[in-house]
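First up is the structure itself, then whatever we jot down about it.
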Amino acid sequence: MVVIAGRPNVGKSSLVNRIVGSRAAVVEEEQGVTRDRKVLTADWAGAPFSVMDTGGWLAAGDALEAKVSDQAERALEEADVVLMVVDVTTGVTEEDMAAAKVIRRSGAPVRLVVNKIDDATREAEAWQFVSLGLGDPFAVSALHGRGTGDLLDEVVGLFPGEGETERNDAATGRDGVVADEGEGANGPRVAIIGRPNVGKSTLFNRLLGEERSIVHDMPGTTRDAIDTVVETEDGPICFIDTAGLRRPSKTDRGTEQHATMRALRALERADIAILVIDATVGASHQDQRLAERIGVSGCPAIVALNKWDLVPTEDRDDVLAGVGDRLAFLGAAPVLKISAISGKGVRRILPALRDAEEAYHHRVPTGALNRTLQELQGRQPAPRARIRYGVQGAIDPPTFTLFSSGRLPQTYLRYIERGLREKFELGATPMKLRVRVGGK
């Protein structure tokens with residue numbers, strides 16, 4: 001595990017993007033853009049390794065900055081190699097010296113990276129950072145790639161040999177939690193989606209069993225979509241904590257716009273979505289729009305009514321009625337009443353995810369499908385048409401093609417869909433019905 005550390009706004013995320021070869025971390029000319037720990041996979045000279053981007057470390061600050069700094073210090077506990085990044089354009093600062101002191105205590109090998117050296121004329125300035133006591137500096141430009149090859153040669157040379165505990169830990173994670181940005185991660189991908197400040201990161205941390213995402217009362221705390229694989233009794237599940245999605249008119253250009261784009265991309269690659277709603281507010285118009293996006297993505301959904309313990313008893317029926325009205329697009333999606341802070345009700349999430357995944361991949365035998373279609377038509381025939389037979393052409397989600405003698409109205413197709421769901425226990429998973437008329 002290679003941990004990228006340092007004070008805010010020195011180019012840590014730019015260096016991460018350079019190492020992994022993609023714009024995987026949010027980069028903006030604004031202090032404190034990165035807040036959570038984000039783990040990505042990289043490869044150099046045939047040596048695979050993990051890279052952890054961290055929020056900027058500050059010796060003092062407000063409550064949110066203190067949590068970001070705490071996350072950065074936790075990251076050092078997992079490090080096999082630490083790259084401390086500093087900014088040549090500002091010189092040595094008090095924050096650099098304080099961060100260096102903390103990093104030296106980690107006990108891991110440390111390499112000093114002096115960033116923003118875009119040409120040879122500034123290389124001599126890198127030597128002022130020797131005063132930090134971290135050895136000779138590596139002069140790089142993360143933005144342009146200058147000097148990063150020599151840095152990575154040094155980094156992979158510090159890795160422990162094959163079969164050693166450290167290498168195993170770096171590859172598979174610690175304490176049963178495996179963080180990986182790679183597309184090949186095992187298990188279903190579960191995106192945690194919702195408006196800002198509804199408790200997504202608190203739920204994410206509750207599911208992981210550790211404080212992995214920054215949790216704070218200020219809306220918009222999470223900036224990156226963070227992938228973390230958790231080993232459960234039913235196998236691995238990849239949870240994706242995302243930034244809160246606002247109305248477009250309230251999304252600033254730059255950092256928040258990048259965060260929103262990443263959240264939407266996370267939804268596109270998710271197998272299941274958990275839509276988190278603040279039960280004290282109820283289902284809003286924005287929650288309705290998010291439900292529409294989940295419906296368009298084609299993945300099954302679970303609705304988590306967070307902060308349920310804070311809803312007065314006399315208001316609970318109205319909250320549930322509002323959820324049913326506004327989130328009708330999600331069909332029979334289960335609605336779970338939870339408190340992410342106390343953990344109450346959270347234990348029901350994993351079984352619901354398991355059921356949703358099984359239904360999403362379910363394949364119905366052709367014989368059983370056609371017997372059910374005949375039974376449904378026997379109870380309620382279609383007007384001026386008859387379904388001759390049907391086949392399941394695909395899974396993820398279950399997709400059925402019905403061969404009919406005439407056009408089938410949408411009301412009748414909804415009847416058929418409900419019947420198939422009940423018969424084959426497909427629950428809330430999306431379902432597609434395609435109709436082919438006559439010999440077409």
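Arg146 contributes no side-chain N or O that, together with a main-chain N or O of Ser141, makes up a donor-acceptor pair within less than 3.5 Å. The backbone N or O of Pro397 sits less than 3.5 Å from a side-chain atom of Thr399, completing a donor-acceptor pair. Looking only at distances, a side-chain donor or acceptor of Thr148 sits under 3.5 Å from a matching main-chain atom of Gly145. Judged purely by atom type and a 3.5 angstrom limit, Gln392 uses its side chain to pair as donor or acceptor with the backbone of His362. Although no hydrogens or angles enter the test, the distance criterion places no donor-acceptor pair under 3.5 Å between the side chain of Asn115 and the main chain of Val85. Although no hydrogens or angles enter the test, the distance criterion places no donor-acceptor pair under 3.5 Å between the side chain of Arg195 and the main chain of Asp287. Asn306 places a side-chain N or O within donor-acceptor distance of the main-chain N or O of Ala340, the cut-off being under 3.5 Å. Using a distance-only test at 3.5 Å, with no hydrogens or angles considered, a donor-acceptor pair links the side chain of Arg348 to the main chain of Lys337. A donor-acceptor pair is defined here as one N or O able to donate and one able to accept, closer than 3.5 Å; such a pair exists between the side chain of Arg18 and the backbone of Ala142. Here the side chain of Glu357 pairs no donor or acceptor atom with the backbone of Arg354 at under 3.5 angstrom.
Here the side chains of Phe159 and Val2 are in contact, with some heavy-atom distance below 4.5 Å. Contact annotation: the side chain of Asp43 never approaches that of Thr41 to less than 4.5 Å [non-hydrogen atoms, C-beta and beyond]. Residues Leu203 and Val346 are in side-chain contact: their nearest non-hydrogen atoms beyond the backbone lie under 4.5 Å apart. No side-chain heavy atom of Asp315 sits less than 4.5 Å from a side-chain heavy atom of Thr280. Contact annotation: the side chain of Trp308 approaches that of Val319 to within less than 4.5 Å [non-hydrogen atoms, C-beta and beyond]. Contact of the Ile272 side chain with the Tyr360 side chain is not registered, since no non-hydrogen atoms from C-beta on lie closer than 4.5 Å. Considering only heavy atoms from C-beta on, Leu132 comes within 4.5 Å of Met84 through its side chain. The closest side-chain heavy-atom distance from Val155 to Ile19 is not below 4.5 Å.
Other residues, nucleotides and ligands contribute only 12 or fewer heavy atoms inside 6.0 Å of the CD1 atom of Ile341. Residue Arg434 qualifies as open at atom CZ: its count of foreign heavy atoms under 6.0 Å is 12 or below. When the shell of 6.0 Å around CZ of Arg347 is examined, it contains 12 or fewer heavy atoms from other residues, nucleotides or ligands. Around the CD atom of Glu314, the shell of radius 6.0 Å holds more than 12 heavy atoms that belong to other residues, nucleotides or ligands.
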Mind running side chain to side chain contact (heavy atoms under 4.5 Å, CB included) on Val110 and Arg104 for me, showing each step along the way?
CA-CA 8 Å; Val110 181; Arg104 282 198 300 270; 5.9 Å; no

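What you find for Asp150 and Phe138 is that their closest heavy atoms are O-CE2, 4.1 Å. The two atoms that bring Ala126 and Val88 nearest to each other are N-CG2, 4.4 Å, heavy atoms only. Smallest separation of non-hydrogen atoms from Val3 and Ala79: CG2-CB, 3.5 Å. Between Glu417 and Met431, the shortest heavy-atom contact is CG-SD, 3.7 Å.
Looking at Glu292 and Arg289, a side-chain N of the basic residue comes within less than 4.0 Å of a carboxylate O on the acidic one, giving a salt bridge. Salt bridge absent: Glu422 and Arg418 never bring a charged side-chain N and a carboxylate O closer than 4.0 Å. Ionic pairing of Asp53 and Lys12 is not present here: no N-O contact between side-chain nitrogen and carboxylate oxygen is shorter than 4.0 angstrom. The pair Arg7-Asp96 counts as a salt bridge, with a side-chain nitrogen and a carboxylate oxygen less than 4.0 angstrom apart.
Each of Leu83, Val82, Val113 was compared with Ile4 under the side chain to side chain contact (heavy atoms under 4.5 Å, CB included) criterion, and only Leu83 meets it. The residue from Asp87, Thr89, Thr90 that alone fulfils the side-chain hydrogen bond (donor to acceptor under 3.5 Å, both in side chains) condition with Lys116 is Asp87.
No hydrogens or angles considered: a donor-acceptor pair under 3.5 Å links the side chains of Asp153 and Trp44.
Rounded to the nearest 0.5 angstrom, Ser342 OG and Lys307 NZ are separated by 12.5 Å. Phe239 contributes atom CZ, which lies 4.5 Å from atom CG of Leu207 (distance to the nearest 0.5 angstrom).
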